[in-house]
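Note sheet for the following structure.
Start at 1 with the first residue, then count along the sequence. Given the structure is predicted, the values throughout are model-derived calculations rather than measurements.
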Amino acid sequence: MRITIITAFLAATASLAGCAGSTNVYPLFPAEQTTAFTSDFTAGYRYQFGIGVPRNYEYAIYAYEKAADKGDAKALNNLGVMAMRGEGSSVSPGKGGSYFRKAAQLGSASAHFNLGLIADNGRNPAKAAEEYRIAAEMGHAEAQYRLSTMIESGEVLSKEPGEARRMLDMAVARQDKDALARINGIRTDKDVARYLATENCTECTGAADKAMAARGLDALNQLAEEGDASARYNLAVRLLQGNDANSDPSEAARLFTLAARQGYAPAQRQLAQMHLRGQAVAKSKVLAHMWLNLAARSDGDEGKTAFTEMEALEQSMTSAEIDQAQDLAATGANKGR
């Protein structure tokens, strides 16, 4: 259902989603009221990824659409990513492609890359290379790397001598992990399987998140009470380990749970480990798998590590347990966690 009042969207208080039935370890905690964000794109990004607020795809789409109406290419691209992933609605490649084309027309390198990815997966290397080349010249590292591999493998021809090497060097200069691995002679499995590119929010992540762990206890407590997922996670780590604070595993578990329900992958992974150990929470492989499953949906190293841990855990689980865990994860995702 479309929300029609922006103030209600930004300030509404909702319950954080938990597991249904007897699987709850903690009662549901109310989400704190959110403060007004500096822009519609920032609001959409925070709700899409659960940064400082519970993850809520409906709110994210609403905010992105407001930004898109003002001609924000980044918001259009991220709406395309959400449509392709089925975040907030059913998976819709057609809708996603439409958003990407609009974003590309407004100058989004990520959108050009995503259009290339769609063509790549649709076995249209010429069209894929065309889009990758545009994104690559705009400085998109993944597009630079992918185009270099396509030329080297003979999937597409290049009229420019040495273009494959130039693209690879450009990707290396931008610290693309796959390009660096290739330079170092390490094979990767991402030549074919690529990930959709999301436009990032510089106000939402980066140096601020990295500095969070260095904050004092008083500052962490204040930010945690205000609903900051990263602060909740870092405060919980200190309470769990007894660093600069009295050891309190129960309170640590509560904070990890709050941050995990906001979609914060490090907290989801930590909570999974606590469930495996039965430390201050119910000992349960099912709940551990559920949190790892949700964490695995995050981009970057956290998501990859969570997926690896989830696969390893499945080796000691029955099919029925895995099915139950997947059902719980699906329910959590639909409620926005």
Checklist entry - Taking the side chain as C-beta and beyond, is there a heavy-atom pair between K74 and S108 under 4.5 Å? => result no
Checklist entry - Quick one: CG on L276 to CG on L271, what's the gap to the nearest 0.5 Å? => result 10.0 Å
Item to check | Straight-line distance of R232 CZ to N221 CG, nearest 0.5 Å | outcome: 11.5 Å
Next on the checklist: Between F100 and N77, is the side chain to side chain contact (heavy atoms under 4.5 Å, CB included) condition met? List the steps.
Outcome noted: CA-CA 5 Å; F100 292 147; N77 178 77; 3.6 Å; yes
Is it the case that [X] and [Y] place a side-chain donor and acceptor less than 3.5 Å from each other?
X: N56; Y: Y47; answer: no
X: Q144; Y: Y132; answer: no
X: H289; Y: E321; answer: no

Checklist entry - With the threshold set at 4.0 Å, does a side-chain nitrogen-carboxylate oxygen contact exist between E251 and R254? => result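 A salt bridge is present here (some side-chain N lies under 4.0 Å from a carboxylate O).
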Checklist entry - Can a salt bridge be assigned to the pair R133 and E137 using a cut-off of 4.0 Å between side-chain N and carboxylate O? => result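 A salt bridge is absent here (no side-chain N lies under 4.0 Å from a carboxylate O).
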Next on the checklist: Please give me the minimum heavy-atom distance between M274 and A253, naming the atom from each residue.
Outcome noted: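 Closest approach of M274 to A253, heavy atoms only: CE-CB, 3.8 Å.
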Next on the checklist: I need the minimum non-hydrogen distance between A306 and A296, along with the two atoms involved.
Outcome noted: CB-N, 3.6 Å
Checklist entry - Does V91 belong to the same Ile/Leu/Val/Met/Phe/Trp/Tyr cluster as L196, with side-chain heavy atoms less than 4.5 Å apart forming each link? => result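 No, V91 does not connect to L196 through the hydrophobic network.
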Next on the checklist: Please evaluate residues E142 and R146 with respect to the criterion salt bridge (charged side-chain N to carboxylate O under 4.0 Å, His left out), reporting the C-alpha separation (whole Å), side-chain torsions for both, the decisive distance (0.1 Å), and the verdict.
Outcome noted: CA-CA 6 Å; E142 287 186 302; R146 178 58 185 151; over 6 Å; no
